[in-house]
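Input: a single structure, listed below in structure tokens.
If you read the sequence from its start, that first residue is 1, and numbering goes on from there.
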Amino acid sequence: MNRKEFEAVVGEALDRLPLEFAELLSNLSIQVEDRPDARTMADLGLDPRFDTLFGLYTGVPLDERGGWYGNVLPDVIALYRKPLLAECRDRRELIRQIQLTLLHEIGHHFGFSEEEMEAWEHEFMGLDGGGLEPG
């Protein structure tokens, strides 16, 4: 799948997320990159021979923004195309994995702790009738 087709799938995955997420994604850009670079993997303590990274949030979480926050570049969620494609067997599985990756990274945007994020992610069972449904 080429980059343009992949970006269309990302758009479809975003469209299928619950509407309340769209309303909360202020000053956030979702970007597609082929794969994380070696420095990113090293900074995260990941070994590219054994570890896979589907996405990464960088920015200032909503719960850390104060009066000083303004006139700043958007936060970024990077989605890594090649690892996602390598993991997924078909379009439906790809959409589901993109959604799960986005939910995880959106959790970072909201400022969730890893424990809060794990509980939150378990509320979503995956694709069912075209979108993520609360469990």
Side-chain angles (χ1 to χ4, degrees):
M1 179 179 295
N2 68 36
R3 185 181 188 90
K4 186 175 181 179
E5 293 168 329
F6 185 85
E7 288 174 352
V9 172
V10 170
E12 189 176 337
L14 278 166
D15 289 344
R16 292 181 182 190
L17 285 176
L19 182 59
E20 56 268 18
F21 290 113
E23 296 168 355
L24 297 170
L25 299 181
S26 62
N27 202 33
L28 181 70
S29 171
I30 297 172
Q31 301 175 1
V32 172
E33 297 179 22
D34 277 343
R35 67 180 82 245
D37 60 30
R39 177 163 181 122
T40 297
M41 294 294 281
D43 288 349
L44 295 171
L46 301 174
D47 184 334
R49 296 172 298 165
F50 307 109
D51 299 312
T52 302
L53 186 63
F54 294 141
L56 181 66
Y57 168 79
T58 54
V60 179
L62 294 176
D63 66 335
E64 294 179 18
R65 295 178 185 181
W68 59 269
Y69 188 84
N71 287 332
V72 297
L73 292 173
D75 294 359
V76 174
I77 293 177
L79 293 173
Y80 298 116
R81 183 175 72 93
K82 290 187 178 182
L84 284 160
L85 289 172
E87 182 72 19
C88 301
R89 295 179 307 247
D90 57 33
R91 183 182 181 93
R92 182 180 172 95
E93 191 175 319
L94 179 62
I95 289 171
R96 180 177 183 277
Q97 187 58 59
I98 290 170
Q99 288 177 315
L100 292 173
T101 302
L102 285 169
L103 284 171
H104 183 89
E105 302 311 326
I106 289 167
H108 287 298
H109 175 67
F110 291 161
F112 290 172
S113 70
E114 287 299 321
E115 295 79 25
E116 291 170 321
M117 201 168 339
E118 186 174 320
W120 182 58
E121 288 172 348
H122 282 134
E123 292 181 24
F124 298 93
M125 301 305 295
L127 289 174
D128 180 20
L132 283 174
E133 299 291 334

Could you tell me if the side chain of [Y] sits less than 4.5 Å from the side chain of [X], heavy atoms only?
| X | Y | result |
| --- | --- | --- |
| Leu94 | Met1 | yes |
| Thr101 | His104 | no |
| Phe112 | Ile106 | no |
| Leu100 | Phe54 | no |

Residue pair [X] / [Y]: nearest heavy atoms and the distance that separates them:
| X | Y | result |
| --- | --- | --- |
| Leu53 | Tyr80 | O-CD1, 3.5 Å |
| Cys88 | Gln97 | SG-CB, 3.7 Å |
| Met41 | Asp51 | CE-O, 3.7 Å |
| Ile30 | Val10 | CG2-CG1, 4.4 Å |
| His108 | Pro61 | O-CB, 3.5 Å |

>> Just to verify, what does Arg35 make a side chain to side chain contact (heavy atoms under 4.5 Å, CB included) with, not counting sequence neighbours?
In response: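 Testing Arg35 for side chain to side chain contact (heavy atoms under 4.5 Å, CB included), a comparison that skips the adjacent residues, returns Lys82, Pro83.
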> Who pairs with Glu12 by side chain to side chain contact (heavy atoms under 4.5 Å, CB included), at least two apart in sequence or on another chain?
Replying inline: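 Glu12: side chain to side chain contact (heavy atoms under 4.5 Å, CB included) contacts with Arg16, Arg91, Ile95.
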>> Once you measure the plane-to-plane angle for His109 and Tyr57, does it fall in the parallel (<30°), tilted (30-60°) or perpendicular (>60°) bin?
In response: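 Perpendicular: the ring planes of His109 and Tyr57 meet at over 60°.
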> Quick one: salt bridge (charged side-chain N to carboxylate O under 4.0 Å, His left out) partners of Asp34, sequence neighbours excluded?
Replying inline: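 Result, salt bridge (charged side-chain N to carboxylate O under 4.0 Å, His left out) vs Asp34: Arg3, Arg81.
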> Taking Asp75 for the side chain and Val60 for the main chain, is one N or O donor matched with an acceptor at less than 3.5 Å?
Replying inline: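 It does hold such a pair.
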> Is it true that Asp37 and Arg39 have a side-chain N and a carboxylate O under 4.0 angstrom from each other?
Replying inline: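 So Asp37 does not pair with Arg39 through a salt bridge.
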